[in-house]
Amino acid sequence: MKKIAFLVACISLALCALAQTQQGYVRTIGKPGKKGVALSGVTVRAKGNHNAVVSKSNGRFSMKMKGLKNGDAYSLQQVQKNGYELNDAGTIGRQYAFSATVPLTIVMVSTAQLQAEKQRIENNAYAVAEKNYKAKMAKLEKQLNENTITAEEYRAALQELQDSFEKYQSLIESTPLLRMVNWKKPTH
């Protein structure tokens, strides 16, 4: 009888410890048609928790959450890995509901991948602006050659077009990521 009571006590103690453990999974952001991959070596710390945990090679981690029961609120204080950042900056400080059975999923993105994607978007925007600039220049030159506008109207429209493009270029140059690229004003 003592053995059964001891066994029940041990199982109860193990279940209590398990009930205070938040499971989690860290992965990279996916691409269209592809799911993200597990991310190891990510440091995760809950607010008020002195010990951080590190995700394993399968992206999984377990955090001991003292005094919490299912449904209690907690928040994260730190999620960090060199070369990566959180896909959603609101992850830190957001209230999560503790669950002994439902894992917390954290999504991160490679800083290099993020910068490459931003660069691609910005390059496309610049290419469109340059194409529009050239099309408007061609239209102005055609109007001038066909005498549908005066030389004075041409100069004013050209100045307005160049001012507009320079404002756009100034906006590009004020963006830190774009300062890495050597942007050139189109010539006419």
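What you see below is based on every heavy atom in this structure, not just the backbone, and it leaves out hydrogens, waters and symmetry mates.
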Are any of the side-chain nitrogens in Arg120 or Glu117 under 4.0 Å away from the carboxylate oxygens of its partner? yes
Are side-chain heavy atoms of Val42 and Phe61 found at a separation under 4.5 Å? no
Run the side chain to side chain contact (heavy atoms under 4.5 Å, CB included) check on Leu104 and Tyr74 step by step: do they pass? CA-CA 12 Å; Leu104 171 66; Tyr74 73 95; 3.5 Å; yes
Is any side-chain heavy atom of Gln162 less than 4.5 Å from a side-chain heavy atom of Tyr133? yes
Do you know the tightest heavy-atom contact between Val26 and Ser55? CG2-CB, 4.2 Å
Restricting to non-hydrogen atoms, name the atom on Ser40 and the atom on Ser57 that form the minimum distance, rounded to 0.1 Å. CB-CA, 3.5 Å
Do any N or O atoms from the side chain of Thr28 and from the backbone of Gly36 form a donor-acceptor pair under 3.5 angstrom? no
With the side chain counted from C-beta on, respond yes when Arg155 and Thr150 share a heavy-atom pair under 4.5 Å apart, and no when they do not. no
Output the distance between atom CD (Glu85) and atom CE (Met108), rounded to the nearest 0.5 Å. 8.0 Å
Can you tell me if Asn82 has over 12 outside heavy atoms packed within less than 6.0 Å of its CG? no
Heavy atoms only: give me the nearest Ile29-Gln113 pair and the separation to one decimal. CG2-NE2, 4.1 Å
Are any of the side-chain heavy atoms of Arg27 and Leu39 separated by less than 4.5 Å? no
Distance col, row Thr101:OG1 vs Gln23:CD, nearest 0.5 angstrom, shows 10.0 Å
Side chain proximity check, Leu76 to Met63, heavy atoms < 4.5 angstrom: yes
Indicate the atoms forming the closest heavy-atom contact of Ser75 with Arg94, along with that distance. CB-O, 3.2 Å
Report the C-alpha distance between Glu122 and Tyr126 in whole Å, list the side-chain angles of each, state the deciding distance to 0.1 Å, and finish with yes or no for side chain to side chain contact (heavy atoms under 4.5 Å, CB included). CA-CA 6 Å; Glu122 291 159 352; Tyr126 188 82; over 6 Å; no
Under 3.5 Å: donor-acceptor pair, side chain of Asn124, backbone of Ile121: no
Is the count of non-hydrogen atoms from other residues, nucleotides or ligands lying under 6.0 Å from Glu146 atom CD greater than 12? yes
Would you compute the distance between atom CG of Asn123 and atom NZ of Lys118 and round it to the nearest 0.5 angstrom? 14.0 Å
Over all atoms of both residues, closest heavy-atom pair of Gln22 and Ser99: OE1-N, 3.0 Å
When rounded to the nearest 0.5 angstrom, what distance separates NZ in Lys139 from CD in Gln143? 5.5 Å
Do Asn145 and Glu141 pair up side chain to side chain, a donor and an acceptor below 3.5 Å, judged on atom types alone? no
Got a second to check how far Gln78's CD is from Leu86's CG, nearest 0.5 Å? 10.5 Å
For Gln20 and Gly67, work out which heavy atoms get closest and say how close. NE2-N, 3.3 Å
Determine whether Ile106 and Tyr25 satisfy the following criterion, side chain to side chain contact (heavy atoms under 4.5 Å, CB included), listing intermediate values before the conclusion. CA-CA 6 Å; Ile106 299 172; Tyr25 176 69; over 6 Å; no
Side-chain heavy-atom pair Ile92, Val79 within 4.5 angstrom cut-off: yes
Between Lys64 and Asn51, does the side chain to side chain contact (heavy atoms under 4.5 Å, CB included) criterion hold? Intermediate values first, please. CA-CA 9 Å; Lys64 297 286 185 193; Asn51 297 325; over 6 Å; no
With clusters defined by side-chain heavy atoms of hydrophobic residues (ILVMFWY) lying less than 4.5 Å apart, directly or transitively, does Val107 cluster with Val109? yes
